[in-house]
Amino acid sequence: MVCRGSVLEKKFASSDVPEKEQINLLKDLESKETQYIWLKRHKISVNGFDLLTIIGKGAFGEVRLCREKKSGNIYAMKKQKKSEMLIRRQVEHVRAERNLLAEVASHCIVKLYYSFQDVEYVHLIMEYLPGGDLMTLLIKEETLTETVARFYIAQSVLAIESIHKHNYIHRQNWTTFCWTTMVI
Ligand SMILES: Nc1ncnc2c1ncn2[C@@H]1O[C@H](COP(=O)(O)OP(=O)(O)OP(=O)(O)O)[C@@H](O)[C@H]1O
């Protein structure tokens with residue numbers, strides 16, 4: 001059996017990753033492994049969630065607020081229709097999005113808790129961000145103050161930097177990919 005923790009530690013030995021970041025990355029790996037083992041034992045499905053209100057519409061289906069039955073935790077559930085992805089030849093993009101969310105641990109990137117699929121749909125269970133996207137904020141405010149604009153630009157640079165570190169590039173309108181955690 002490959003121990004991913006010790007493989008990572010060996011890689012750190014020949015890298016210049018700061019010690020604090022090494023500790024955080026190892027902790028992150030450990031919690032992902034624990035979750036992975038848990039998921040293997042308890043097959044997760046849409047039945048594990050109470051479906052609440054619709055909060056958005058994605059390219060391949062709706063995004064809903066949901067409550068996990070076992071924990072009572074609230075998440076955003078993005079439901080994507082597989083046949084639509086196939087028709088629009090977007091399977092690889094959807095897969096890349098899911099892998100990116102699973103791989104990149106950054107406070108600037110929406111957190112993915114679970115992903116699973118059934119015959120018809122792929123489901124992403126994400127952290128719920130109640131503030132809406134930056135475009136909604138811009139439409140509401142029309143003009144942002146320099147301080148607020150600086151804040152969102154800085155957050156976006158950090159988000160893009162964190163995905164570039166994992167060799168992903170972003171190809172979408174900036175204002176609709178930036179969501180805010182603040183309720184506006
Ligand atoms: N984690 C979340 N928390 C709160 N709202 C969300 C979340 N994820 C998605 N939404 C809402 O659902 C909408 C659609 O989601 P998203 O942009 O991820 O879909 P998409 O399939 O990538 O769509 P598109 O390609 O048209 O952007 C978002 O604009 C947002 O309003």
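Note that this is a predicted model, so its numbers are computed, not measured. The figures here come from the full heavy-atom set of this structure, side chains too, leaving out hydrogens, waters and symmetry mates.
No side-chain donor-acceptor contact under 3.5 Å links Q117 to the backbone of V122. Between the Q80 side chain and the M85 main chain, no donor and acceptor come within less than 3.5 Å of each other. The backbone N or O of I74 sits nowhere less than 3.5 Å from a side-chain atom of R67 that would complete a donor-acceptor pair. In this structure, S156 contributes its side chain and Y152 its backbone to a donor-acceptor pair below 3.5 Å. A donor-acceptor pair under 3.5 Å is absent between the side-chain atoms of K140 and the main chain of M135, judged by distance alone.
The minimum heavy-atom distance between Q155 and C108, with the atom names listed, is O-SG, 3.8 Å. Here the closest heavy-atom approach between residue A159 and residue I109 is recorded as O-CD1, 3.8 Å. Minimum heavy-atom separation, A105 to D28: CB-OD2, 3.5 Å. Here the closest heavy-atom approach between residue A76 and residue V63 is recorded as CB-CG1, 4.3 Å.
Inter-residue side-chain proximity for V91 and V94 is flagged as unmet; no heavy-atom pair is nearer than 4.5 Å. Side-chain contact between I125 and L112: absent, with no pair of heavy atoms (C-beta onward) separated by less than 4.5 Å.
By the 4.0 Å N-to-carboxylate-O rule, E30 lies too far from K27 to be salt-bridged with it. E120 has no carboxylate O lying under 4.0 Å from a charged side-chain N of K82, or vice versa, which leaves the two without a salt bridge.
Every side chain to side chain donor-acceptor pair (under 3.5 Å) that S71 has, sequence neighbours left out, goes to E68, N73. Considering only residues two or more places apart in sequence or on other chains, Y121 meets the ring pair (Phe, Tyr, Trp, His ring centres under 6.0 Å) condition with none of them.
With hydrogens and angles left out, the side-chain atoms of Q90 and H93 include a donor and acceptor closer than 3.5 Å. With no hydrogens or angles considered, no side-chain donor-acceptor pair links Y168 and E97 at under 3.5 Å.
A perpendicular orientation is assigned to the rings of Y75 and Y114, their planes being inclined by more than 60° (bins at 30° and 60°).
Within the structure, side chain to side chain donor-acceptor pair (under 3.5 Å) contacts touching residues 45-59 (residues at least two apart or in different chains) do not occur.
Between H123 and the choices F116, F60, Y113, F49, the ring-ring contact (aromatic ring centres under 6.0 Å, His included) rule is met once, by F116.
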